[in-house]
Amino acid sequence: MNTLNIALLAGDGIGPEIMNQAVKVVDAIANKHKLSIQYSTALVGATAIDKTGQPYPEETHQTCMKADAVLFGAIGHPKFDNDPNAKVRPEQGLLAMRKKLGLFANVRPVSVYASLLDRSPLKRERIEGADFVVVRELTGGIYFGQPRGRSEDGTKAFDTCVYEVYEIERIVKYAFETAMQRDKKLCMVDKANVLATSRLWRSVTDRIAEEYPEVVYSKMFVDNAAMQLIVNPTQFDVIVTGNMFGDILTDEASVLGGSLGLLPSSSVGKHTAIFEPIHGSYPQATGKNIANPMGMILSAAMLFDHLQMTAIGTEIRNAVEHCINKGVVTEDLAKPNEKTYTTTEIGDAVTQVINSSILI
Ligand SMILES: NC(=O)c1ccc[n+]([C@@H]2O[C@H](COP(=O)([O-])OP(=O)(O)OC[C@H]3O[C@@H](n4cnc5c(N)ncnc54)[C@H](O)[C@@H]3O)[C@@H](O)[C@H]2O)c1
């Protein structure tokens with residue numbers, strides 16, 4: 001088999017710590033299945049700004065373009081979060097990376113592990129069986145629209161939400177195709193009672209829905225969706241929505257599973273796909289070896305799915321689930337007074353399960 005070239009963009013905060021665990025797991029998988037993997041590392045985020053002045057340097061872009069897939073940790077640093085006047089920001093790197101790689105679809109699966117049902121702040125009977133995918137548009141909407149900025153006298157700031165028909169068409173088709181491979185239910189989330197862009201989303205999605213008569217199609221306003229995700233999450237199969245709504249709703253949805261640190265994602269489109277946990281750089285945990293690396297490890301599982309190695313993706317997911325079932329979890333998922341494991345220990349435990357020593 002050809003060598004697999006994986007670019008590693010660890011980024012900031014807990015990014016490097018969780019990335020090390022994912023690499024450990026990928027190495028174990030490679031060893032077991034005799035895969036040849038070559039890694040290339042590159043700078044992104046605050047770390048890249050410190051070293052090069054740019055949050056997504058051209059060299060990093062070239063590394064991503066040449067790779068078969070990218071594993072991405074997280075970006076963001078309090079020194080930028082707390083400086084509203086910073087001209088260059090780590091988040092610009094993330095947005096530039098998505099835009100330049102043409103990654104218009106961000107796929108975020110959300111499910112609830114049986115052994116974690118009691119660790120969610122929500123009642124077991126509400127969340128049991130919840131299993132859905134949020135397909136979030138990633139390269140348009142208010143995160144990218146122009147004009148944006150602040151007036152010269154500083155008394156006004158503005159962002160612009162723009163969507164073109166082709167941007168809606170491609171993400172909605174992707175979502176319907178995803179629904180066809182699942183339970184054939186799709187809910188489009190928008191704010192069509194207020195926003196012109198949402199009304200465009202509705203008309204385009206209504207039209208595309210006619211091409212998928214097998215899919216049960218519904219529409220929901222985002223404020224209602226925010227509530228429904230908590231009170232009745234099992235009603236959803238595939239949710240398709242715009243950039244900002246998807247960003248916010250998936251952080252909310254992470255509460256179902258018990259921790260933001262558990263959720264993986266893939267970003268796909270024109271060029272090399274990226275696999276990343278949905279959380280940020282969790283600065284408070286940096287260097288403490290306490291962050292949950294499972295979202296990062298599960299993102300590596302999605303990477304193998306994407307490269308048509310779904311058996312390997314499943315093997316990684318099973319190893320993570322085995323650890324969760326055995327109570328081998330970081331503090332975010334532990335009950336009060338329960339033993340907790342470090343970031344490194346979780347990486348070691350998942351690796352051990354893959355190596356089949358199952359000694360955790
Ligand atoms: N994709 C990204 O890289 C991304 C996404 C969101 C935020 N950010 C950036 O990250 C920085 C911090 O933002 P934030 O605090 O709002 O979001 P965050 O996702 O970093 O953390 C929010 C909270 O979620 C929990 N959490 C997150 N990751 C966890 C993990 N692996 N294990 C256990 N618990 C975890 C923690 O309780 C944490 O306080 C900011 O600079 C922000 O811009 C980056």
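Minimum interatomic distance between Asp12 and Val44 (heavy atoms only, all atoms of both residues): OD1-O, 3.8 Å. In terms of heavy atoms, Pro55 sits closest to Pro57 at C-CD, 3.7 Å. Of all heavy-atom pairs between Ala291 and Ile18, the closest is CB-CG2, 4.3 Å. The two residues Cys161 and Ile142 make their nearest non-hydrogen contact at SG-N, 3.7 Å.
Only one option out of Thr178, Val215, Asp183 pairs with Asp237 in a side-chain contact (heavy atoms from CB on, under 4.5 Å); it is Asp183. A side-chain contact (heavy atoms from CB on, under 4.5 Å) with Arg126 is found for one member of Asn232, Thr234, Val231, Leu256 and no other, namely Val231.
Between Asp68 and Ile6 the shortest side-chain heavy-atom distance does not fall below 4.5 Å. Residues Val238 and Lys185 are not in side-chain contact: their nearest non-hydrogen atoms beyond the backbone lie 4.5 Å or more apart. Residues Cys64 and Phe72 are not in side-chain contact: their nearest non-hydrogen atoms beyond the backbone lie 4.5 Å or more apart. Side-chain contact between Met19 and Leu8 is present, with at least one heavy-atom pair separated by less than 4.5 Å.
If you check the side chains of Tyr143 and Asp247, you find a donor sitting under 3.5 Å from an acceptor. Residues Gln228 and Asn224 have side chains that bring a donor and an acceptor to within less than 3.5 angstrom of each other. Between the side chains of Tyr163 and Glu137, at least one donor N or O lies within less than 3.5 Å of an accepting N or O. Side-chain contact of Asn243 with Arg136: a donor-acceptor pair under 3.5 Å is present, judged by distance alone. Side-chain atoms of Asn325 and Tyr113 include no donor-acceptor pair closer than 3.5 Å. Looking only at atom types and distance, the side chain of Arg98 has no donor-acceptor partner in the side chain of Thr139 under 3.5 Å away.
One finds a salt bridge joining Glu338 and Arg119 here, because a Lys/Arg side-chain nitrogen approaches an Asp/Glu carboxylate oxygen to under 4.0 Å. Using a cut-off of 4.0 Å between Lys/Arg side-chain N and Asp/Glu carboxylate O, Asp190 and Arg199 are scored as not salt-bridged. Under a 4.0 Å N-O distance rule, the pair Asp83/Arg89 does not qualify as a salt bridge. Between Lys32 and Asp27, no side-chain nitrogen of the basic residue sits less than 4.0 Å from a carboxylate oxygen of the acidic one, so the salt-bridge criterion is not met. Between Lys24 and Asp348 there is a salt bridge, since a side-chain N of the basic residue sits under 4.0 Å from a carboxylate O of the acidic one. Between Lys79 and Asp50, at least one side-chain nitrogen of the basic residue sits less than 4.0 Å from a carboxylate oxygen of the acidic one, meeting the salt-bridge criterion. Using a 4.0 Å cut-off between charged nitrogen and carboxylate oxygen, Glu58 and Lys100 count as a salt-bridge pair. Ion pairing between a basic and an acidic side chain is recognised when a charged N comes within 4.0 Å of a carboxylate O; Arg182 and Glu177 show no such pairing. A salt bridge links Asp118 with Arg124: the distance from a Lys NZ or Arg NE/NH1/NH2 to an Asp or Glu carboxylate oxygen falls below 4.0 Å.
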Derivation and outcome, side chain to side chain contact (heavy atoms under 4.5 Å, CB included), residues Phe80 and Ile49: CA-CA 11 Å; Phe80 295 98; Ile49 297 175; 3.8 Å; yes

Stepwise side-chain hydrogen bond (donor to acceptor under 3.5 Å, both in side chains) test for Asp332 and Asn292: CA-CA 7 Å; Asp332 51 313; Asn292 188 345; 3.1 Å; yes

Side chain to side chain contact (heavy atoms under 4.5 Å, CB included) evaluation trace for Phe104 with Glu167: CA-CA 8 Å; Phe104 63 85; Glu167 292 175 292; over 6 Å; no

Evaluation steps, side chain to side chain contact (heavy atoms under 4.5 Å, CB included), between Met188 and Arg202: CA-CA 8 Å; Met188 198 270 299; Arg202 277 205 178 202; 3.5 Å; yes

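Annotation: cation-pi pair Lys191/Phe245 absent, no NZ/CZ under 6.0 Å from the ring centroid and within 45° of its normal.
The closest donor-acceptor contact from the side chain of Ser281 to the backbone of Gly76 lies under 3.5 Å.
In this structure, Glu125 places its CD atom where more than 12 heavy-atom neighbours from other residues, nucleotides or ligands lie under 6.0 Å away.
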